[in-house]
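None of the values given here were measured: they were computed from a predicted structure.
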Amino acid sequence: QVQLVESGGGLVQTGDSLTLSCTTAERTFRAYAMGWFRQAPGKGRELVGTLNWRNHPTYYADSVKGRFTLSRDVAKSTLYLQMTSLKPEDTALYLCAASPTPYTDPRKWSSWGLGTQVTVSS
């Protein structure tokens, strides 16, 4: 398993931007597909977006298309989630995950961080 640590969450207002980071000490970071998920209170884990090992986006949820962007800095072993035009419905615990394949089913991802909370006030 890959150890992952998220950071960058916080309390923001509607329309604000925020960038989340997910770091790892894993030297084979570049070989993994990476994903961002989110979980709101009382709801299931929702896939936000994924990158394959070539750094190509393979999925964005319809609810975030055009507003959120995933990227990866291999030299820093860091995955990013750039979020713009934030809405109250984006409020959730955001988690990053690693897997050999960019699955859309959260249950198939093998490594998870503990998450960082994003709260968007109206």
Item to complete: Answer yes or no for R72 and F29: cation-pi contact, defined as NZ/CZ to six-membered ring centre under 6.0 Å and angle to ring axis within 45°.
Response: yes
Indicate yes or no: at least one non-hydrogen side-chain atom of [X] is less than 4.5 angstrom from one of [Y].
X    : Y    : result
E6   : L81  : no
E46  : P106 : no
L20  : V118 : yes
K108 : P100 : no
F68  : T84  : no

Worksheet item: Given the side-chain rings of F37 and W109, with only the six-membered ring counted for Trp, is the space between their centroids under 6.0 Å?
Response: yes
Which heavy atom of [X] sits nearest to which heavy atom of [Y], and what is that distance?
X    : Y   : value
V2   : T24 : CG1-OG1, 3.3 Å
V120 : T91 : N-OG1, 2.9 Å
A98  : Y32 : CB-CD2, 4.2 Å
Y94  : A92 : CD1-O, 3.3 Å
L51  : L79 : CD1-CD1, 3.8 Å
Q82  : S71 : OE1-OG, 4.3 Å

Discussion item. Counting only heavy atoms from other residues, nucleotides and ligands, does the tally under 6.0 Å from CD of Q117 exceed 12?
Written reply: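 Buried by this count: over 12 neighbours within 6.0 Å.
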Item to complete: Flag yes if more than 12 heavy atoms outside Q13 fall under 6.0 Å of its CD atom; otherwise flag no.
Response: no
Practice prompt. Determine, step by step, whether R67 and S17 satisfy the side-chain hydrogen bond (donor to acceptor under 3.5 Å, both in side chains) criterion, reporting the C-alpha distance in whole Å, the side-chain angles of both residues, the deciding distance to 0.1 Å, and the verdict.
Written response: CA-CA 9 Å; R67 300 190 299 123; S17 298; over 6 Å; no
Between [X] and [Y], is there shared hydrophobic-cluster membership here, with clusters defined by ILVMFWY side-chain heavy atoms closer than 4.5 Å?
X   : Y   : value
L70 : Y80 : no
V48 : L95 : no
Y60 : M83 : yes

Worksheet item: Please walk me through it: do L18 and L86 pass side chain to side chain contact (heavy atoms under 4.5 Å, CB included)?
Response: CA-CA 8 Å; L18 196 64; L86 282 162; 3.9 Å; yes
Worksheet item: Could you go step by step and tell me if T78 and M34 meet the side chain to side chain contact (heavy atoms under 4.5 Å, CB included) rule?
Response: CA-CA 10 Å; T78 300; M34 301 296 296; over 6 Å; no
Item to complete: May I ask you to decide if V12's main-chain N or O and S121's side chain share a donor-acceptor pair within less than 3.5 Å?
Response: yes
Fill in: Verdict with reasoning, S122 to T14, per side-chain hydrogen bond (donor to acceptor under 3.5 Å, both in side chains)
CA-CA 5 Å; S122 57; T14 297; 5.6 Å; no
Worksheet entry | Carboxylate-amine/guanidinium proximity below 4.0 Å for K65 and D62 |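 Salt bridge: yes.
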